[in-house]
There are 2 protein chains.
Amino acid sequence: MTKQIKVESIHEKVYQRLREEITSSELAPGEKITIRQVADMYGVSVMPVREALRQLHTEGLVNYERTGVTVKALSAHEIQQIIEIRKRLELLAMEWALPNLKKEDIKKSEEMLEAMDQRTDDDNDWRLLNKEFHLTLYSYCGSQQLEQIIENLWVSIEPYMRIYTSTVSSLEFAQEQHHEMLHSIKHKNLDEFEKLLNNHLNHTAKVILDNF
Amino acid sequence: MTKQIKVESIHEKVYQRLREEITSSELAPGEKITIRQVADMYGVSVMPVREALRQLHTEGLVNYERTGVTVKALSAHEIQQIIEIRKRLELLAMEWALPNLKKEDIKKSEEMLEAMDQRTDDDNDWRLLNKEFHLTLYSYCGSQQLEQIIENLWVSIEPYMRIYTSTVSSLEFAQEQHHEMLHSIKHKNLDEFEKLLNNHLNHTAKVILDNF
DNA sequence: ATATGTGATATGTGATCACAAAGGAAGTAG
DNA sequence: CTACTTCCTTTGTGATCACATATCACATAT
């Protein structure tokens with residue numbers, strides 16, 4: 001038996017790091033990225049940075065322009081569209097996940113929610129937990145492809161979620177909705193979940209767009 | 001006024017070429033790709049090939065394994081799931097496209113369909129036209145993101161569409177469905193379109209999976 | 001003073017070289 | 001004859017160098 005060693009290549013690390021910086025808005029939408037600058041900053045050559053940026057470009061997080069690379073900026077309309085797409089796909093994911101969800105899985109999600117209830121004072125913490133909460137539920141859908149698409153959509157609007165999480169009342173309202181959604185999941189009530197999900201995402205969109 | 005010159009970089013060309021070879025099954029699912037081999041074949045260095053493969057990897061068309069890169073092979077279940085995702089997203093695309101479709105756009109699609117009627121004897125021709133027919137309609141949806149996702153899904157199962165297009169009776173049946181779908185679009189009847197689209201994709205899935 | 005042309009800088013792209021790790025082949029011990 | 005070890009080949013990865021093009025600044029001419 002060989003112990004699988006996690007060998008993470010440099011371009012993978014750079015990719016993860018850049019992606020984190022984009023989603024956390026350390027690199028703001030529209031900001032310029034230069035390959036050599038990133039390479040120097042991380043103490044690597046330009047090669048891994050190029051591959052990382054190429055991947056981010058394919059995922060739609062950065063734009064290659066005539067000169068330089070910039071962090072992709074979304075219009076209000078695009079954000080609205082992405083949220084609409086999420087409605088459809090996250091419903092489908094839960095549709096597929098429901099039969100696979102065991103009691104202990106739901107129990108785990110409930111605990112996660114309770115942990116989040118205690119973190120409504122820290123945007124950044126809550127934002128990460130929120131992502132984990134949703135994506136964990138969808139991960140039971142049994143489709144790599146669907147999971148991947150949903151995560152990509154999630155990541156692409158994550159820079160704008162700061163607008164959402166910076167409103168304290170939103171977080172507490174969102175937690176209410178989360179509890180209701182999990183309740184509907186517990187009772188395998190997909191129609192109810194659909195309504196709640198749509199409300200949840202409508203509210204998310206509204207808060208973001210009102211403060212855009 | 002500057003006349004935008006289309007400067008296509010080498011990695012872009014390699015990407016297009018490899019993607020075409022994969023979707024047309026010249027490179028079969030599971031087949032091994034080596035960077036240097038591709039580089040030599042196209043008379044370029046390994047660099048552009050690496051970037052092209054990285055992009056294809058992000059799109060899910062190739063796998064990076066411990067040694068070598070292979071063309072992604074889908075299971076029957078994955079194909080079924082992708083088609084299910086397509087149902088939801090293509091319905092959404094058409095929902096958004098309907099208000100934007102002008103009479104002349106529909107007229108153009110009708111002409112495309114009629115051209116396809118004459119090509120049911122040539123799988124490959126018909127396959128390309130079929131893709132163009134559908135994606136052109138969706139292109140009016142007004143969402144780059146949605147278009148991109150749909151095209152990616154389309155491309156990822158395209159290698160398996162040969163199974164579908166190699167059945168002559170399928171093509172003629174598909175054409176009937178296409179005419180019906182376009183008819184419902186012409187009359188802005190989204191509910192009807194949804195039914196037809198689902199039937200169309202169910203049939204596609206059935207033919208592929210029966211001959212898998 | 002403004003506009004145009006020219007040169008310098010910045011930056012993405014491509015080629016080549018070197019390296020490390022994995023897989024396979026061959027040789028040797030039991 | 002089998003199994004294990006060793007060496008070589010394959011192959012992806014990363015670094016460095018060279019190049020082309022776009023942008024910007026400055027100078028010069030009208």
Side-chain angles (χ1 to χ4, degrees), chain A residues 1-22 26-73, chain B residues 1-22 26-73:
Chain A
M1 162 171 165
T2 57
K3 191 179 282 186
Q4 184 73 323
I5 295 177
K6 180 63 171 286
V7 49
E8 204 165 282
S9 51
I10 294 182
H11 69 258
E12 184 68 20
K13 285 183 200 162
V14 174
Y15 163 75
Q16 295 288 353
R17 178 69 185 274
L18 281 175
R19 181 166 139 145
E20 177 55 29
E21 289 190 5
I22 292 174
E26 283 174 67
L27 284 171
E31 194 163 336
K32 190 171 177 183
I33 300 175
T34 60
I35 294 180
R36 282 177 177 79
Q37 193 179 322
V38 175
D40 291 344
M41 193 178 312
Y42 297 162
V44 299
S45 79
V46 295
M47 274 294 320
V49 179
R50 281 167 66 173
E51 293 204 297
L53 285 175
R54 184 67 52 195
Q55 190 165 345
L56 290 167
H57 172 64
T58 307
E59 291 177 346
L61 269 73
V62 303
N63 274 338
Y64 273 71
E65 287 162 14
R66 290 185 306 188
T67 170
V69 182
T70 58
V71 179
K72 169 92 177 182
Chain B
M1 162 173 162
T2 58
K3 192 178 280 185
Q4 185 73 321
I5 296 178
K6 182 63 173 285
V7 49
E8 203 165 283
S9 50
I10 294 183
H11 70 257
E12 184 67 20
K13 285 184 199 161
V14 174
Y15 163 75
Q16 296 288 353
R17 178 69 183 275
L18 280 175
R19 180 166 141 146
E20 177 55 29
E21 289 190 5
I22 291 173
E26 283 172 68
L27 283 171
E31 195 164 335
K32 191 171 178 181
I33 300 176
T34 60
I35 294 181
R36 282 178 176 78
Q37 192 178 323
V38 175
D40 291 344
M41 194 178 311
Y42 296 162
V44 298
S45 80
V46 296
M47 273 296 318
V49 179
R50 281 168 66 175
E51 294 205 297
L53 284 175
R54 182 69 50 196
Q55 190 165 347
L56 291 168
H57 172 64
T58 307
E59 292 177 347
L61 269 73
V62 302
N63 275 337
Y64 273 72
E65 287 162 14
R66 290 182 305 189
T67 171
V69 182
T70 57
V71 178
K72 169 93 177 181

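FYI, side chains are in, hydrogens and waters are out, and symmetry mates aren't considered; it's all heavy atoms of this structure. Just so we're on the same page: letters track the sequence lines, and every chain starts at 1.
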Donor-acceptor contacts, no H, no angles, side chain residues 52-59 of chain B, under 3.5 Å, sequence neighbours left out:
residue, atom, partner, partner atom, Å
B:R54, NH1, A:H11, NE2, 3.3
B:R54, NH2, A:H11, NE2, 3.2
B:H57, ND1, B:V62, O, 3.2
B:T58, OG1, B:R54, O, 3.0
B:E59, OE1, B:Y15, OH, 2.9
B:E59, OE2, B:Y15, OH, 2.8

Open item on the list: Test of understanding: with salt bridge (charged side-chain N to carboxylate O under 4.0 Å, His left out), list the residues that count as partners of A:R36, not counting sequence neighbours.
Closed with: none
Open item on the list: Looking at every heavy atom in both B:A73 and B:G30, which two are closest together, and how far apart are they?
Closed with: CB-N, 4.1 Å
TODO: Just jot down the side chain to side chain donor-acceptor pair (under 3.5 Å) partners of B:S45, sequence neighbours excluded, or say none.
DONE: none
- [ ] Would you please say whether a donor-acceptor pair under 3.5 Å links the side chains of B:Q16 and B:E12?
- [x] yes
- [ ] Output every pair passing ring-ring contact (aromatic ring centres under 6.0 Å, His included) with a member in residues 28-50 of chain B, not counting sequence neighbours, ordered by first then second residue.
- [x] none
Task: A:K72 vs A:L61 side-chain heavy atoms within contact, under 4.5 Å - done: no
Open item on the list: Counting primed atoms plus P, OP1 and OP2 as sugar-phosphate and everything else as base, spell out the protein contacts along nucleotides 11-18 of chain D at 4.0 Å heavy-atom distance: B, S or - for each nucleotide, 5' to 3'.
Closed with: BBBBBB-B
Task: Heavy-atom closest contact (B:K32 atom, B:T67 atom, distance) - done: CE-O, 4.2 Å
Open item on the list: Let me check the geometry of the helix from C:dA1-D:dT30 to C:dG30-D:dC1. What is the bend angle between the axes at its two ends, five pairs each, to 10°?
Closed with: 0°
- [ ] Please report, rounded to the nearest Å, how far the P atom of C:dG12 is from the NE2 atom of A:H57.
- [x] 13 Å
